[in-house]
Amino acid sequence: MEKFIIDGGGRLNGSVRIQSAKNAVLPLLAASVLTDEKVFIRDVPPITDVENMLRILQELGCTILRAEGGAVIDSSNAVSHEIPAVLTKEIRSSIFMLGSVLTRFRRARISYPGGCDIGLRPIDLHLFGLKKLGVEIVEEGGYISCYADRLKGAEIQLDFPSVGATENIMLAAVKAEGRTTIGNAAKEPEIVDLQNFLNLMGAKVQGAGSATITVDGVKKLRGVEYSPMKDRIEAGTFLIAAASVGGEVVTEGLFPENIAALLHKLRENGCKIYAKNDKIHIRSDGRLKSVDLVQTSPFPGFPTDLQAQYTALSCTAQGTTVVEENLFETRFKYAGELKRMGADITVRGKTAVVRGVERLHGASVTAGDLRGGAALVLAALKAEGKTTVLDLSHIDRGYGEFERKLRLLGAKIRRYRV
Ligand code: UD1
């Protein structure tokens, strides 16, 4: 196990290059088996979720070549339609493999997926969409087996705009016979990125970014080279860090419209923010006023994946912030750890009431999930004294070279083996 030791109190200054988006790269990797030609994905982030997804592809029989920070996926020899249970436990996004493996092999077998422990995370919408496309699904003994001699386009209306279900249906529909329409589709920017990638492969997908996506099935897809979009959650995490401790930071690579809801809140907190092209510049004196209410919701609302980091910021803002989590049931587990650092937070169901305190103090805390872990690091940067953040495996799932990037901005953070 590894831990961070963080000396709090300093400001952050400088520029940080944003990695490719975890949530864009994972579905793109799943999509790479839709063709038997080579796919080159540039700037693949050094995070364990991606490593695990690459291992899943290898288990299917793909050859992976790492080159110049990217990955070449050659699935011409892929033979297996079974996604191994040990890997699906590690990474929830393995569920996307259902759609693309079905398209490739007409069958797929997967165990129930894992991922962060932040709520129930059912997959009923994924399965509902696949069934509509003509897939027969058998669930037994913790496994889901899917069969589809023919995938046929259909009209699919989602009860909720699930990101993963929208992506999975797109992956299963690209080579289906006829037209698929996804109503109440998720509008997240990563879905637009997946559409761009699929269309470059020769697919006919339209409407991503809006509530209706149309997929016209094609016979064949080809290999491509692709640069994924940048990670709005990583960028948001650095912006919140700078806002919270004070200083001047520029994030490079992410266009501000991808993160407008956060920028709006940070301005309300009293930060100065300028954005030009793919650079976002934040200046903060570290003395923030609280905003009344933050509610997470699907894009373009405030992202659930920045809820924990924003709560950490609110701990030392002047006044009270009410944080409402509307996507995942148990996404406040990290709040108990923040309290050990002196935060004043009351959690009731899906709401946290955060009363700003003068200062946090160092403590020994444990990261229990990816974004909650990042929130503890942010709180530690602001706290007086030393904080130990234990169990970095969750943080490493989504933040590549987190401490190196923070150190370049002036943070005092080191990684140690326990
Ligand atoms: C994706 C992101 C994750 C982010 C989330 C919401 C990836 C790899 N992960 O996760 O980082 O936090 O979007 O922006 O892109 N739901 C159902 N049935 C389903 C599927 C989902 O009820 O079949 C519910 C979930 O329990 C949750 C809500 O829908 O309450 C949102 O989930 P969804 O949009 O599917 O998130 P993920 O794709 O899992």
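Atoms considered below: every heavy atom in the structure, side chains included; atoms not considered: hydrogens, waters and symmetry mates. Order of appearance sets the numbers: ligands from 1, and atoms from 1 within every ligand.
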Inset, instruction - Could you tell me whether ligand 1 has any atom less than 4.0 Å away from a heavy atom of Ala165? - result: no

Legend entry - Close-contact set for ligand 1 against Leu327 heavy atoms, below 4.0 Å: 27 (C), 30 (O), 31 (C)

Legend entry - Which of the ligand 1 atoms, numbered from 1, are nearer than 4.0 Å to a heavy atom of Asp124: 17 (C), 18 (N), 19 (C), 22 (O), 23 (O)

Inset, instruction - Assess the side chains of Arg109 and Tyr147: does a donor N or O sit below 3.5 Å from an acceptor N or O? - result: no

Legend entry - Ile233, Leu125, Thr304: member with heavy atom nearest to atom 6 (C) of ligand 1: Thr304

Inset, instruction - Could you say whether the N/O atoms of Glu167 and ligand 1 ever approach to under 3.5 Å? - result: no

Inset, instruction - Tell me which one of Thr296, Asp305, Leu127 gets a heavy atom nearest to atom 12 (O) of ligand 1. - result: Asp305

Legend entry - Enumerated ligand 1 atoms positioned under 4.0 Å from heavy atoms of Val163: 1 (C), 13 (O), 33 (P), 34 (O), 35 (O), 38 (O)

Inset, instruction - Could you see which bit of Phe299 sits under 4.0 Å from ligand 1, with heavy atoms only: side chain, backbone, both or neither? - result: neither

Inset, instruction - For Arg267, look at atom CZ and say whether over 12 heavy atoms of other residues, nucleotides or ligands are found less than 6.0 Å away. - result: yes

Inset, instruction - Could you tell me whether ligand 1 has any atom less than 4.0 Å away from a heavy atom of Arg331? - result: yes

Inset, instruction - Kindly indicate whether the side chain of Tyr143, heavy atoms from C-beta on, has any atom under 4.5 Å from the side chain of Val138. - result: no

Legend entry - Minimum non-hydrogen distance to atom 19 (C) of ligand 1, winning option of Ala186, Pro122, Gly129, Gly301: Pro122

Inset, instruction - Please examine the side chains of His81 and Arg106, heavy atoms only from C-beta on, and report whether any two atoms are closer than 4.5 Å. - result: no

